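Scroll down for the structure; my scribbles are underneath it.
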Protein chains: 4
Amino acid sequence: MNQGSSKQQLRAQLRETVQVAILDAAEELIADRGLHAAPLAQIARRAGVAVGTLYNYFADREAMIVALFENRRAQLRPALRTAIAAGRDLAFEPRLRQFVHDVLRVFEIHRRFIKVVIETEHLRLKSSTTGQDLGKGVEEVVEAGVIEGVIDRGRAELFALTVIAALKGIVLRRISDGAPLLPDAVPLIELLLDGARSR
Amino acid sequence: MNQGSSKQQLRAQLRETVQVAILDAAEELIADRGLHAAPLAQIARRAGVAVGTLYNYFADREAMIVALFENRRAQLRPALRTAIAAGRDLAFEPRLRQFVHDVLRVFEIHRRFIKVVIETEHLRLKSSTTGQDLGKGVEEVVEAGVIEGVIDRGRAELFALTVIAALKGIVLRRISDGAPLLPDAVPLIELLLDGARSR
Amino acid sequence: MNQGSSKQQLRAQLRETVQVAILDAAEELIADRGLHAAPLAQIARRAGVAVGTLYNYFADREAMIVALFENRRAQLRPALRTAIAAGRDLAFEPRLRQFVHDVLRVFEIHRRFIKVVIETEHLRLKSSTTGQDLGKGVEEVVEAGVIEGVIDRGRAELFALTVIAALKGIVLRRISDGAPLLPDAVPLIELLLDGARSR
Amino acid sequence: MNQGSSKQQLRAQLRETVQVAILDAAEELIADRGLHAAPLAQIARRAGVAVGTLYNYFADREAMIVALFENRRAQLRPALRTAIAAGRDLAFEPRLRQFVHDVLRVFEIHRRFIKVVIETEHLRLKSSTTGQDLGKGVEEVVEAGVIEGVIDRGRAELFALTVIAALKGIVLRRISDGAPLLPDAVPLIELLLDGARSR
DNA sequence: TATGAATGAGCATTCATTCAT
DNA sequence: GATGAATGAATGCTCATTCAT
């Protein structure tokens, strides 16, 4: 077997490594201080490179942010799609359970980025579509619930909105507390399906 | 009776008028474009004063933002407190209904500022306490529900979190759609208390 | 008589003064070192203002350059137009003499800027039209010579080209030598009309 | 005879080839966009080499420019010298004709570089001596005219200046129009010797 | 007090130069 | 020698803040 790597491969790997370091640094800073408090100088320092190096990887600051969102999305989207598709054969309730569970599991892996996504949502960055991906997923599942007759069509929109908002709110809180996300999956579903009244 | 105003009073009124204009302009710009896209020059222009004038009213930009948040809070807080206090004699369910209704009514009046509050929450501005005020209110009501036995203590935190998140999410959506907030009050309460399952 | 100036007038005068200082500084630096060796920091220093101040007068560097060219042109163009119009009643030869004389007199007053114009001509700045103004003038005069029968139509273009080139070349040389421009007027005309052969 | 090339010779040839490619690329870019709009990265790309390679051939950017000017001058200068020397036995008028004709013929071959030379003349690059070479030639020829009594000594400088300026102006125009240079040789000489007046 | 011009620190970006492979 | 990524100084530009009038 060819265990060695060609010079080109080595270069490409090195490039990859540096790019990953830059995007990680950017994500970290943005998550910690916000998109507008993450100057390139700091990103470069945290990534361990010079400022000019950033421009060997991205055309400009915006392109770097776009790359960050697209890179993360490339990891998140398939998982979200799988989460949506996974329960397609299930009845509404188990499907919703499954979906929320899967979503939180994915979000857990990308905590830092999820924080960034939620906190920058109001900026309506064109490259930030993860929020929409989540929205689509919830809507699809809810629509299944409507068709199945479990959810009133008239209440579907509000329900979807609430699911999305609750997910974001809880995730944000847990992330800021350094707490895990998954434990909230089951109680949240029960709350949303059966209501808060104890029986 | 002294119907006239002393020169001092006139001065004070003028000051008040200008300050209000400045804070309104700031709020408007921040709501429209974000905290970091609201330069003092634009705020001054929109307020109809010169840049230098801003510094006769506020020590610096941050102080102006603080003043904006405190000014609005001064209007919101009493209303929120009233909303909390109002239902103190009611049972949990009607109290929650009342509370959510009152909150949305207050938020409706301050749509623009509420947008600002929610969208800047992640910046953890020390002066921004409206979110906490809301949180406190929800927690107090929920606590009443726990004491009354309607809400399980173990689920209280999640329930409170969900109520808060749902309120924020729905309010943000309605504001961005230009839709009124109040129509969501009743359905939301029903959803949260009884669950999404149609019966 | 009102010898005093209103506050506004004073402000406007001050503004004018500063703007003139900036454009002069820019012209000086560009004349000395070239358009691409005149950083805003140096222009500001030479004008005795801070860098930021430049932006109170011009939108950006390019706008400043444009303003420089337009300001100078506003002074040069009328003089060139007058130079062209002045000899309209004269026969070709005296008209050409008059024209060249007038042109050199105007150029003498704006030596520094003329240097800039000639040396930046190849950059084809949209705002730099003085070269064209001169070209138009020469062509008009030459056309009069053609109509009068003094100049062959077939040689008119080359003659115009040569007049323009000679003017630029001589002017540039005299400016770089610190010599006056006018003394060349008469000999140049004689050379161009009668040829170099001594008789 | 040794018809083959040693390894060293091959190396030297390769070096030569690459250097030529680099200088050509530099000349092309500078002619098209100007000295200050020709970054090394673009020169390298156009030459088909990596940026770092440039530094194996030239100490730095300036040295590269110097090399470009010296390389071209090495081709131009002999031709100019020949042009000057060629007419040494001729009378002034035919000598001037010959000279201008020869100069334009040489310039035709090096259009691109001549454009660069004329347009960068005001930068007074130490390495750019082609303009001086031309000047020397014109002066020598004119001096012959003075000695021969055809040109007044008092008008010699102006005549020389005008010849040089006219040559540059016409050449620049023809190059920018994509027109050939030689057709202007005869009419230009007639104009300069006999004047513009048609007889 | 109101005004708006002046200031300069901070930021994004470019590009000649260096250097490890 | 060739490569191209890394470097950081230089530059244009923004904007909160200061200050003379």
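Predicted model only: the values in this text are computed from it and were never measured. Chain naming here is simple, since letters A, B, ... match the order of the sequence lines and numbering starts at 1 in each.
- Following rounding to the nearest Å, B:His36 (NE2) and F:dT14 (C1') show an atom-to-atom distance of 15 Å.
- Per the geometry, CD belonging to A:Gln19 stands 11 Å off P belonging to F:dA6, to the nearest Å.
- Nucleotide E:dA2 forms a pair with F:dT21, judged by Watson-Crick or G-U wobble geometry with both contacts under 3.5 Å.
- Here the P atom of nucleotide E:dT14 and the CD atom of D:Gln42 are 12 Å apart, to the nearest Å.
- With D:Leu23 as the partner, the side-chain contact (heavy atoms from CB on, under 4.5 Å) test is satisfied by one option alone out of D:Phe58, D:Phe113, D:Tyr57: D:Phe58.
- Residue B:Thr53 places at least one side-chain N or O under 4.0 Å from the OP1 or OP2 atom of E:dT3.
- If you take CZ of A:Arg15 and C1' of F:dT3, they are 13 Å apart, rounded to a whole angstrom.
- A donor atom on one side chain and an acceptor atom on the other are found under 3.5 Å apart for D:Thr129 and D:Arg73.
- Contact annotation: B:Tyr55 does not reach the phosphate of E:dT1 (side-chain N/O to OP1 or OP2, under 4.0 Å).
- Side-chain N/O atoms of D:Arg61 include none lying less than 4.0 angstrom from OP1 or OP2 on E:dC15.
- At whole-Å resolution of the value, CZ in C:Phe58 and C1' in F:dT14 are 18 Å apart.
- In terms of heavy-atom proximity, A:Ser127 sits nearest to A:Phe69 at O-CB, 3.5 Å.
- Using cut-offs of 30° and 60° on the angle between ring planes, the pair C:His122 and D:His122 is tilted.
- A:Arg72 and A:Asp24 are joined by a salt bridge, as a carboxylate oxygen and a charged side-chain nitrogen come within less than 4.0 angstrom of each other.
- Note on B:Val51: a base of the nucleic acid sits closer than 4.0 angstrom, heavy atoms only.
- As a whole-Å value, the separation of A:Leu40 CG from F:dT11 P is 20 Å.
- Remark: C1' of E:dA12 and CE of A:Met64 are 12 Å apart, rounded to the nearest angstrom.
- Two residues, A:Asp60 and B:Val49, neighbour DNA chain E, and the one matched to the more 5' nucleotide by heavy-atom proximity is B:Val49.
- Taking 3.5 Å as the limit, the base of E:dA6 and the side chain of C:Asn56 contain a donor-acceptor pair of atoms between them.
- Annotation: of the two residues near DNA chain F, A:Tyr57 and C:Ala41, the 5′-most nearest-nucleotide partner is A:Tyr57.
- The distance between atom CG of C:Leu35 and atom P of F:dT11, rounded to the nearest whole Å, is 14 Å.
- The nearest heavy atom of DNA chain F to B:Ala38 and to A:Arg11 marks one nucleotide each, and the one closer to the 5' end goes with A:Arg11.
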